[in-house]
Amino acid sequence: MTDCVKKRIVSGMRSTGKLHLGHYFGVLTNWVKLQNEYDAYYFIADWHALTTKYNDTDLLKQHINDVALDWLACGIDPNKATIYLQSLVPEIAQLHIYLSMITPQNWVERDPTLKDMTKILRTQGATDNSITYGLLGYPVLMTADIIMFNSDYVPVGVDQVAHIEISRDIIRRFNNIYKVQYFKEPEPLLTNIPLLKGIDGNKMGKSFNNDIKISDDEETTTKKITRCITDRERIKRDDPGHPENCEVAFTYWKIFGTEDEIKQIENDCRCAKLGCADCKKCLAKKVNEFLAPMRQKRIEYTKNPETVREILIEGSKKARIEAKKILDGAKEAIKMYI
Ligand code: TRP
């Protein structure tokens, strides 16, 4: 297939720090696969990180670097996908301005994902003054990201689907107001891998202190797996276990084990041949084996920071060429002075 017949996808991640296995299974494996089938644009959303972290920027550059390293370690390939940094493509900010003019205030105010975000921020001590105009524009900026490259699909985790619905509404409104069919209404593309739980059984998240990072070393990973919740009713080593009630460890086995291993673990657990501690020791070994090649790759890139920088700079340059064309068309549709 040549580039001109490939459908296009765009997706991004906020630069808020090192990524974990939730990102890997929820989004990144999908991105790695999709970069072979689509004309893929993957970007680090540093402006989106600023919507909540505008007063906490000391680590901003490091976070960008960490996300880039994690992506490369997982197999996102700059020779297949265009990898760029949002703030190095200023056309996105311009498009955001035009979209902000046409987006009704009440649409952004009722964005459910944004409502959840502000609720969490308030529990962390945010006041009326810390929730900004920029944060309110979160879904508008996301819309600009997506249509900047006129994408057909947006591969994201389920948590982003409501945002994409608003994007579709904004896009439809643009086309209606300016009487054009300029921007496509993109659809979300979801992975079918079940959600990976955190080691405590809740959703994996870095702020919940229950995550396993792609960049964690072997020892840290083993320690975390050892803390995984198992079958709460299995009190003594000799009690028979219930894999179906094993909250975390067995759900990980189903992802990291081979079919035979899963069957074996299930059997040995049920007949109390295998205790939870030993089960998790084996599991830690499996997870470490799985992560080893990624860690290796990450370490190599870490030794070559210039290469990582170059990938972002070159990708952003390439993205800008396409972005400029699309922006010009949008300005023309609005009848701006070009
Ligand atoms: N909101 C997304 C997240 O928190 C990041 C993001 C920003 C994004 N712009 C986007 C995702 C455009 C897909 C498309 O992960």
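Residue numbers start at 1 and run along the sequence shown. As the structure lists them, so they are numbered: ligands from 1, and atoms in each ligand from 1. Just so you know, these numbers use all the heavy atoms, side chains as well, and skip hydrogens, waters and symmetry mates. Just so it is clear, the structure is predicted and the values come from calculations on it, not from any experiment.
- The side-chain tip of Arg173 points at the ring of Trp107 from less than 6.0 angstrom away and within 45° of straight on.
- Minimum heavy-atom separation, Ala323 to Glu91: CB-CB, 3.9 Å.
- In terms of modelled atom types and a separation under 3.5 Å, the side chain of Asp152 and the main chain of Arg8 share a donor-acceptor contact.
- Across all non-hydrogen atoms, the minimal contact from Phe43 to Trp71 is O-CH2, 3.1 Å.
- Applying salt bridge (Lys or Arg N to Asp or Glu O under 4.0 Å) to Asp328 and the options Lys325, Lys331, Lys324 leaves one that passes, Lys324.
- Protein neighbours of ligand 1 below 4.0 Å, counting non-hydrogen atoms: Ser11, Gly12, Arg14, Phe43, Ala45, His48, Tyr138, Met142, Asp145, Ile146, Val154, Val156, Gln160.
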*Derivation of the salt bridge (charged side-chain N to carboxylate O under 4.0 Å, His left out) call for Glu37 and Lys6*: CA-CA 7 Å; Glu37 301 157 26; Lys6 273 188 183 170; over 6 Å; no
